[in-house]
Amino acid sequence: RLLRRSAMLPRGLRAMRALRGLGRCPLGRAFAEDAAKATATATATATQASPVNPKPSGLPMTTPGAPGAVRPKVVIVGTGWASFRVLADIDTKKNDVTVISPRNHLLFTPMLASSALGTVNQRSICQPVRPLTAKKNATYYESSVVGVDKEKQLVTCKTLGGQEYNLPYDKLVVGIGFQPNDFNIPGVKENALFMKETADATRFKDHVLEKLEEAAYCHALDNDLTLSDEEKWKIQELLTFIVVGGGPTGVELAGELTDFLYNEVANLYKNLKPYIRVHMFTYDLLNTFDEKLQDYAITHLRKKQNVQVHLGAFVQKVEPNVVHVKLGESAMSIRYGTLVWCAGIKPHPFVSDFGFAMNDKGSQILVDPFLKVKGERTSMPSEIVQPLKITGCHRPPKWPINKVSIWLKPWAWTRARPSPSSFTTRALWHTWVDSQQSWPTFLVSVVSLASWHSSLGVSPIGFYNFPCGIASCW
């Protein structure tokens, strides 16, 4: 009767249930023991004849994550958006994780300009990496990576004090971001301030306050409190602020700076307000945005923020108190007290010296749809970060690759559940169904979102990428 009831079960489970049932009565124990011996013998013989998933020679027999298993050494370089997310999602029970970065926190860059002028507290835009590494049982080294030996699989690290040491790795995750680009213009490194890290914001804030105080007392240095024309020019020079670059950082900084100068400073330094000047030199403004947004930003900066925006400008040279700019066919020089360089970014020397496959401009590392570096002997990201299930989101080779990344919140799944007709292939639909067991760490790629995108309020532009568990850059 027991055998008939379990006829639809898999063979191994059928045998185990039948033996367990027979073993409950004394009359069937002898039969159960004989059957168990026969089953064990048959299983051993079948395993020797046709082993399932044979182990390659030279690899340990243990399974990753099992007691005594040798965990692969995963080295994450950087503590930016992508690196921090990989650290948060990686399974440290299966991987020995090490994080290397000279910056011990994740920085919310869009609000860096606001923190430089006191609009927000700097601690509010920084997420320390130490608590996360302690929680994940990972290791963090406050150092810079200065070299990689691909043959020996070693990374060379350099401490803030200049000492060097090597760390081994099995899998390397690179997410170090960029550094300011001075375009080799003379005097930029020596005389300009930057806005890329928290230290830059602190330095900028201290510099602005220093110039304000200097402008407040410079007329009294000759023991005569009356203002001469020369002293007026000196005060105006100290209170002339120049922002180079019309990207998001430059526009945000110009707006925050003018709010600070024409509100707080105007109230605290009433006699200095007439001398405040803010200039922006850039070739174009927000060139990656829609043309209407560009026009609005230019109008807003000029009319409401009182910023003198100079379009089509190229900085030729920066001296300690003078900047030389080319505007079309003409040239001009302006004396300044503060100059902030927000004109662009470039890769760190580690990336350019390593020999990664780069794009034509040499500014970005080329990767395949699985974020593997092209031409390098790397493992699949899913082998490193198991919960992300990136391998379930492959891109067929003939599909378009202009992708738009959209962050989805959990409420999106309750408000807009896709139907099978929303997906171009049945496989993608099954992938989405399987993902419900591992929400929110799921990444799904779809082309046609006929019934989905309308409820989310987005327009169907080409190829979509919905990263719900990783900060990915394509």
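We use all heavy atoms of the structure for the numbers below, so side chains are in, but hydrogens, waters and symmetry mates are not.
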Handout entry: Point-to-point distance, once rounded to the nearest 0.5 Å, from OH of Tyr269 to CD of Glu264
Key = 11.5 Å
Practice task
Decide if atom CD of Glu291 counts as having more than 12 heavy atoms of other residues, nucleotides or ligands within a radius under 6.0 Å.
Solution key: no
Practice task
Start with the C-alpha distance between Asp295 and Lys292, add both sets of side-chain angles, then the distance that settles salt bridge (charged side-chain N to carboxylate O under 4.0 Å, His left out), and finish with yes or no.
Solution key: CA-CA 5 Å; Asp295 295 338; Lys292 293 182 179 179; over 6 Å; no
Problem - Neighbour count >12 (heavy atoms, 6.0 Å) for atom OH, Tyr296 - result: no
Exercise for the section: For the residue pair Val155 and Val148, establish whether any side-chain heavy-atom pair is separated by less than 4.5 Å. Expected result: yes
Exercise for the section: Test side chain to side chain contact (heavy atoms under 4.5 Å, CB included) on Glu142 and Leu160 and set out the steps. Expected result: CA-CA 8 Å; Glu142 192 175 63; Leu160 301 180; 3.7 Å; yes
Problem - Ion pair check, Arg203 and Asp200, cut-off under 4.0 Å - result: yes
Handout entry: Residue pair Thr98 / Tyr169, side-chain heavy-atom distance below 4.5 Å
Key = no
Exercise for the section: Taking the side chain as every heavy atom from C-beta outward, state whether Val99 and Phe84 have any pair of such atoms under 4.5 Å apart. Expected result: no
Exercise for the section: Given side chain to side chain contact (heavy atoms under 4.5 Å, CB included), test Leu209 with Glu213 step by step and report yes or no. Expected result: CA-CA 6 Å; Leu209 295 177; Glu213 295 299 334; 5.6 Å; no
Handout entry: Chi angles and distances behind the side chain to side chain contact (heavy atoms under 4.5 Å, CB included) call for Val77, Leu172
Key = CA-CA 8 Å; Val77 182; Leu172 185 64; 3.7 Å; yes
Fill in the blank from the handout: Rounded to the nearest 0.5 angstrom, the CG-NZ distance for Leu193 and Lys205 is 14.0 Å
Problem - Gln294 side chain to Phe289 backbone, donor-acceptor under 3.5 Å - result: yes
Problem - Side chain Thr92, main chain Lys136, donor-acceptor under 3.5 Å - result: yes
Exercise for the section: Could you check if a side-chain atom of Val74 sits within less than 4.5 angstrom of a side-chain atom of Ile90, using non-hydrogen atoms only? Expected result: yes
Handout entry: Backbone N/O of Val318 and side chain of Asn191: donor-acceptor pair under 3.5 Å
Key = yes
Completion exercise
Nearest heavy-atom approach of Pro248 to Leu286 is N-CD2, 3.7 Å
Handout entry: Inter-residue atom distance Glu376.CD - Asp368.CG, 0.5 Å rounding
Key = 11.5 Å
Can you give me every donor-acceptor pair (side chain of residues 116-128, partner residue at least two apart or in another chain, under 3.5 Å) with its distance?
residue : atom : partner : partner atom : Å
Thr119  : OG1  : Glu256  : OE1          : 2.8
Asn121  : OD1  : Arg123  : N            : 2.9
Gln122  : NE2  : Thr202  : OG1          : 3.3

Practice task
Search all heavy atoms of Gly255 against all heavy atoms of Leu301 and return the closest pair with its distance.
Solution key: N-CD2, 4.5 Å
Exercise for the section: Write down the atom of Val75, the atom of Ile100, and the distance for their closest heavy-atom approach. Expected result: CG1-CD1, 3.6 Å
Handout entry: Minimum side-chain heavy-atom gap His105-Thr198 below 4.5 Å
Key = yes
Fill in the blank from the handout: CG (Asn306) and OH (Tyr262) are apart, to the nearest 0.5 Å, by 4.0 Å
Practice task
Report the C-alpha distance between Thr79 and Tyr140 in whole Å, list the side-chain angles of each, state the deciding distance to 0.1 Å, and finish with yes or no for side chain to side chain donor-acceptor pair (under 3.5 Å).
Solution key: CA-CA 10 Å; Thr79 52; Tyr140 169 69; 5.9 Å; no
Exercise for the section: Could you tell me whether Lys158 atom NZ has more than 12 heavy atoms of other residues or ligands within 6.0 Å of it? Expected result: no
Practice task
Look at the side chain of Trp341 and the backbone N and O of Asn181, then say whether any donor-acceptor pair between them is shorter than 3.5 Å.
Solution key: yes
Exercise for the section: Would you sort out whether Lys73 and Asp170 count as a salt bridge (charged side-chain N to carboxylate O under 4.0 Å, His left out), showing the intermediate values? Expected result: CA-CA 5 Å; Lys73 299 181 183 297; Asp170 296 313; over 6 Å; no
Exercise for the section: Classify the angle between the aromatic ring planes of Phe281 and His310 as parallel (below 30°), tilted (30 to 60°) or perpendicular (above 60°). Expected result: parallel
Practice task
Report yes or no: does Ser83 contribute a side-chain atom to a donor-acceptor pair with the main-chain N or O of Ile76 at less than 3.5 Å?
Solution key: no
Practice task
Find the distance between CD (Glu151) and CG (Leu154) and round it off to the nearest 0.5 Å.
Solution key: 11.0 Å
Completion exercise
Correct closest heavy-atom pair for Gln316 and Pro186 would be O-CD, 3.7 Å
Practice task
Locate the shortest heavy-atom distance separating Glu164 from Thr156; write the atom from each residue and the value.
Solution key: OE1-CG2, 3.9 Å
Handout entry: Stepwise side chain to side chain contact (heavy atoms under 4.5 Å, CB included) check, Leu87 with Val129
Key = CA-CA 9 Å; Leu87 174 62; Val129 69; 3.9 Å; yes
Practice task
Examine distances only and state if a side-chain atom of Ser144 and a backbone atom of Val146 form a donor-acceptor pair shorter than 3.5 Å.
Solution key: no
Practice task
Flag yes if more than 12 heavy atoms outside Tyr141 fall under 6.0 Å of its OH atom; otherwise flag no.
Solution key: no
Fill in the blank from the handout: To the nearest 0.5 Å, atom NZ of Lys211 lies from atom CZ of Phe241 at 9.5 Å
Problem - Flag side-chain contact, heavy atom, 4.5 Å: Val188 against Phe183 - result: no
Practice task
Heavy atoms only: give me the nearest Leu106-Arg103 pair and the separation to one decimal.
Solution key: CA-NH2, 4.4 Å
Handout entry: Side chain proximity check, Leu239 to Leu212, heavy atoms < 4.5 angstrom
Key = yes
Problem - For Leu339, the option from Val315, Val323, Asn321 that meets side-chain contact (heavy atoms from CB on, under 4.5 Å) - result: Val323
Problem - Asn359 side-chain N/O to Ser363 backbone N/O, donor-acceptor pair under 3.5 Å - result: yes
Problem - Flag side-chain contact, heavy atom, 4.5 Å: Glu197 against Leu112 - result: no
